[in-house]
Amino acid sequence: MHSDKIQISNLTLVNSPSWNIHPVYSSNIIVQGITILAPVKSPNTDGINPDSCTNMRIEDNYIVSGDDCVAVKSGWDEYGIKYGMPTSHLIIRRLTCISPYSAAIALGSEMSGGIQDVRAEDITAINTESGVRIKTGVGRGGFVKDVYVKGMTLHTMKWVFWMTGNYGSHADTHWDPNALPEIKGINYRDVVAENVSMAARLEGISGDPFTGICMSNLTISMAKKAKKYPWTCTDVYGITSGVQPPPCQLLPDQGPEKTEMCTFPTDSLAIDNIEMQRCSYRLNY
Ligand SMILES: *[C@@H]1O[C@H](CO)[C@@H](O)[C@H](O)[C@H]1NC(C)=O
Ligand SMILES: *[C@@H]1O[C@H](CO)[C@@H](O)[C@H](O)[C@H]1NC(C)=O
Ligand SMILES: *[C@@H]1O[C@H](CO)[C@@H](O)[C@H](O)[C@H]1NC(C)=O
């Protein structure tokens, strides 16, 4: 907690009873080359949880878990709103995830301090419940905005994209029913997925829709026993291009020539220009 310039690299973490790597209220963090192994049926064994952190880079990690491989957080309900410290400027790249009951990348559900500017690239997930999941609900407040995902290779999955606007789970009874989360500017592109039960299950909040959703260049092959409707969408707005199977009506297709329309930032973040320091341990005889 409250740390700056932290590097965690080249470790294997086995059978943690709870979240594995959990930096809170911290900045300038690199987590690289980590293997995390937990039984796939173990509860709450998230891999890496950036929590109210800014400038963080998570790269070249291999995670097998019973919960989300990477779960981005920023405080819970009224406590997160009061503290008001977002997670921002987060890079996730070259992640390999196996998590049959959870997501490769989750945003929330504790997101009350806000989550902004998340850039995920080159994500591989096998036998994982969902690719990217946004979890929030009434009482959370805060925001999840400017999320960019580019390049996912996925195999055997229930939902490639999942947004849940009715995630219950409150810290206590003092949450504010007027604290609505703002979910806006969610960009997904260049995804190939196979053996999928449903392409997307997108559920915003009635009276507080999730907006600015952009999905392009997605090729999703359905499983033999797939659900009848590959997309379900409620209270979400956005656009799509080059998406198979054809998306829901709330995400109208802009035509095949727009497959590069969902932006991925080309500027680099400050954390990207920080070089890893070599860890050394010298024995003095
Ligand atoms: C579409 O996605 C595939 C797979 O990620 C990628 O190889 C291809 O370059 C993308 N096409 C465009 C037009 O970006
Ligand atoms: C496809 O997914 C189903 C679960 O939906 C799984 O039982 C099956 O083994 C998967 N097939 C392949 C070829 O991975
Ligand atoms: C991690 O291990 C690799 C391979 O042994 C090595 O090249 C690299 O320098 C190590 N990283 C750090 C930060 O020590």
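Positions are given from 1 along the sequence. Atoms within each ligand, like the ligands themselves, are counted from 1 in listed order.
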| message | Applying a heavy-atom cut-off of 4.0 Å, say which part of Gln32 lies close to ligand 3: side chain, backbone, both or neither. | response | neither

| note | Note: ligand 1 atoms sitting under 4.0 Å from heavy atoms of Arg189 are 14 (O)

| task | Could you pull out every protein residue that has a heavy atom closer than 4.0 Å to ligand 2, ordered by chain and then number? | result | His155, Thr156, Asn195

| message | Distance under 4.0 Å to a non-hydrogen atom of Glu260: what atoms of ligand 1 satisfy this? | response | 13 (C), 14 (O)

| request: Please lay out, stage by stage, how Tyr188 and Tyr148 fare under the test ring pair (Phe, Tyr, Trp, His ring centres under 6.0 Å). | output: CA-CA 6 Å; Tyr188 300 141; Tyr148 310 95; over 10 Å; no

| Thinking salt bridges, do Arg94 and Asp60 make one under a 4.0 Å N-O criterion? | yes

| So, Lys158 and Glu129, do they make that salt bridge, N to O below 4.0 Å? | yes

| said: With no hydrogens and no angle check, just 3.5 Å: does a side-chain donor-acceptor pair link Thr240 and Asp253? | reply: no

| task | Locate the shortest heavy-atom distance separating Thr87 from Asp51; write the atom from each residue and the value. | result | OG1-C, 3.7 Å

| field | Residue Thr259 vicinity, atoms of ligand 1 by number, heavy atom under 4.0 Å | value | 13 (C)

| request: List every atom of ligand 1 that sits less than 4.0 Å from any heavy atom of Asn217, numbering the atoms from 1 in the order shown and giving each element. | output: 1 (C), 2 (O), 3 (C), 8 (C), 10 (C), 11 (N), 12 (C), 14 (O)

| remark: Per-atom filter on ligand 3: closer than 4.0 angstrom to a heavy atom of Gln277 are 13 (C)

| task | Ignoring hydrogens and angles, tell me if any N or O in the side chain of Ser112 forms a donor-acceptor pair with the backbone of Asp77 under 3.5 Å. | result | yes

| task | Please verify whether a non-hydrogen atom of Gly33 lies at under 4.0 Å from ligand 3. | result | no

| task | Below 4.0 angstrom from a heavy atom of Ser9, which ligand 3 atoms are there? Numbered from 1 as shown, please. | result | 12 (C), 13 (C)

| message | Quick check on side chain to side chain donor-acceptor pair (under 3.5 Å): which of His170, Arg140, Lys135 does Ser109 satisfy it with? | response | Arg140

| task | Compute the shortest N/O to N/O distance between Gln7 and ligand 3 and return yes if it is under 3.5 Å, no if not. | result | no

| task | Could you tell me which non-hydrogen atom of Ile63 sits nearest to which non-hydrogen atom of Gly47, and how far apart they are? | result | CG2-CA, 4.2 Å

| By number and element, which atoms of ligand 3 are closer than 4.0 Å to a non-hydrogen atom of Asn10? | 1 (C), 2 (O), 3 (C), 8 (C), 10 (C), 11 (N), 12 (C)

| message | Test of understanding: with ring-ring contact (aromatic ring centres under 6.0 Å, His included), list the residues that count as partners of His174, not counting sequence neighbours. | response | none

| field | Residue pair Leu269 / Leu90: nearest heavy atoms and the distance that separates them | value | CD1-N, 4.4 Å

| Thr259 and Ser216 side chains, donor-acceptor separation under 3.5 Å | no

